[in-house]
Amino acid sequence: MRIGHGYDVHRLLEGRKLILGGAHIEHNKGLLGHSYADVLCHAISDALLGAAALGDIGKHFPDTDVKFKDVSSLLLLQHVVELLGSHGYGIENIDATLILQRPKVAKHILAMRENIAKACRLSVDRVSVKATTTEGLGFAGREEGVAAHAVVLIH
């Protein structure tokens with residue numbers, strides 16, 4: 001068994017779609033990034049890559065490569081899962097936390113879990129997604145960005 005931790009943060013900007021865990025969430029701002037900038041999928045991808053000592057998402061999906069421009073972060077996560085499999089690893093479970101002040105995402109959590117589970121070839125009961133605010137503190141509290149932490153166990 002190996003454990004991995006991932007963290008990602010992206011700036012919120014008007015004129016972008018807000019995609020978290022592959023779910024489109026209605027909001028007046030979305031996340032800035034080369035791909036869909038889905039911080040949840042990015043944190044999980046980094047946690048998986050870290051657990052297998054395979055680098056990070058920047059190594060595998062550089063923001064200088066046009067083939068990753070506006071690509072679904074779920075597709076990147078699927079690629080990470082395939083890479084882990086090619087190295088003999090499987091995923092035991094995923095536990096992730098979104099950090100954002102607004103919008104409230106509780107009604108989207110199940111869809112996020114289902115999307116991530118499908119991308120990772122897991123049952124939904126092996127994927128946990130939670131959300132918290134920062135009580136108005138910091139960049140997340142000022143609604144300047146969204147962050148995510150993820151912890152994974154692989155075998």
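All residue numbers in this chain count up from 1 along the given sequence.
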Would you give me the side-chain donor-acceptor pairs under 3.5 Å for residues 42-60, sequence neighbours excluded?
| residue | atom | partner | partner atom | Å |
| --- | --- | --- | --- | --- |
| His42 | ND1 | Asp8 | OD2 | 3.0 |
| His42 | ND1 | His10 | NE2 | 3.4 |
| His42 | NE2 | Ser35 | OG | 3.2 |
| His42 | NE2 | Ser73 | OG | 3.0 |
| Ser45 | OG | Cys41 | O | 2.9 |
| Asp46 | OD1 | Ile57 | N | 2.8 |
| Asp56 | OD1 | Gly58 | N | 3.1 |
| Asp56 | OD1 | Lys59 | N | 2.9 |
| His60 | NE2 | Leu54 | O | 2.6 |

Sequence neighbours left out, cut at 3.5 Å: what donor-acceptor pairs do the side chains of residues 19-27 make with other protein atoms?
none

Report task. Apply side-chain contact (heavy atoms from CB on, under 4.5 Å) to Lys130 and Ile109, showing your working. Result -> CA-CA 7 Å; Lys130 306 170 300 297; Ile109 295 287; over 6 Å; no
Requested in this report: Any chance you could lay out the side-chain contact (heavy atoms from CB on, under 4.5 Å) test for Val127 and Asn93, step after step, and finish with the verdict?
Outcome: CA-CA 6 Å; Val127 178; Asn93 74 299; over 6 Å; no
Report task. Go through Val71 and His34 one step at a time and tell me if the side-chain contact (heavy atoms from CB on, under 4.5 Å) criterion holds. Result -> CA-CA 8 Å; Val71 70; His34 189 65; over 6 Å; no
**Report entry** Verdict with supporting geometry, Glu143 and Arg11, salt bridge (Lys or Arg N to Asp or Glu O under 4.0 Å)
**Finding:** CA-CA 9 Å; Glu143 299 178 37; Arg11 179 182 303 274; over 6 Å; no
Report task. Evaluate the side-chain contact (heavy atoms from CB on, under 4.5 Å) criterion for residues Leu83 and Tyr89: first the C-alpha distance (whole Å), next the side-chain angles of each, then the deciding distance (0.1 Å), finally the verdict. Result -> CA-CA 9 Å; Leu83 182 62; Tyr89 294 110; over 6 Å; no
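Annotation for Leu32 and Arg16: closest pair CA-NE, 4.0 Å, computed over non-hydrogen atoms. Glu114 and Val124 get closest at one heavy-atom pair: CG-CG2, 3.9 Å. Of all non-hydrogen atoms in Leu98 and Val129, the two that sit nearest each other are CD1-CG1, 4.5 Å. The shortest non-hydrogen separation linking Thr134 to Gln101 is N-OE1, 3.5 Å.
The aromatic rings of His5 and His149 lie tilted to each other, with the angle between the two planes from 30° to 60°.
Connection of Leu84 to Leu40 is established within a shared hydrophobic cluster, with ILVMFWY side chains joined at heavy-atom distances below 4.5 Å, either directly or through further cluster members. Residues Leu12 and Tyr7 do not share a hydrophobic cluster, defined by chaining ILVMFWY side chains whose heavy atoms lie under 4.5 Å apart. The hydrophobic cluster containing Leu122 also contains Ile116, counting ILVMFWY residues as joined when their side-chain heavy atoms lie under 4.5 angstrom apart, directly or transitively.
Checked by atom type and distance alone, the side chain of His79 never pairs as donor or acceptor with a backbone atom of Leu75 at under 3.5 Å.
Residue Leu31 is tested with Leu13, Asp38, Val39 for a side-chain contact (heavy atoms from CB on, under 4.5 Å); the sole match is Val39.
Between Leu74 and Tyr36 there is no side-chain heavy-atom pair separated by less than 4.5 Å. Taking 4.5 Å as the limit, every side-chain heavy atom of Ser72 sits out of range of all side-chain heavy atoms of Leu76. Looking at Ile91 and Val81, their side chains come closer than 4.5 Å, going by heavy atoms from C-beta outward.
Grouping Ile, Leu, Val, Met, Phe, Trp and Tyr by side-chain contacts under 4.5 Å, direct or through others, leaves Leu137 on its own.
Ionic pairing of Lys29 and Glu14 is not present here: no N-O contact between side-chain nitrogen and carboxylate oxygen is shorter than 4.0 angstrom. For Glu92 and Arg2, the salt-bridge test fails: no basic side-chain N is under 4.0 Å from an acidic carboxylate O. The pair Asp125-Arg113 does not count as a salt bridge, with every side-chain nitrogen at least 4.0 angstrom from each carboxylate oxygen.
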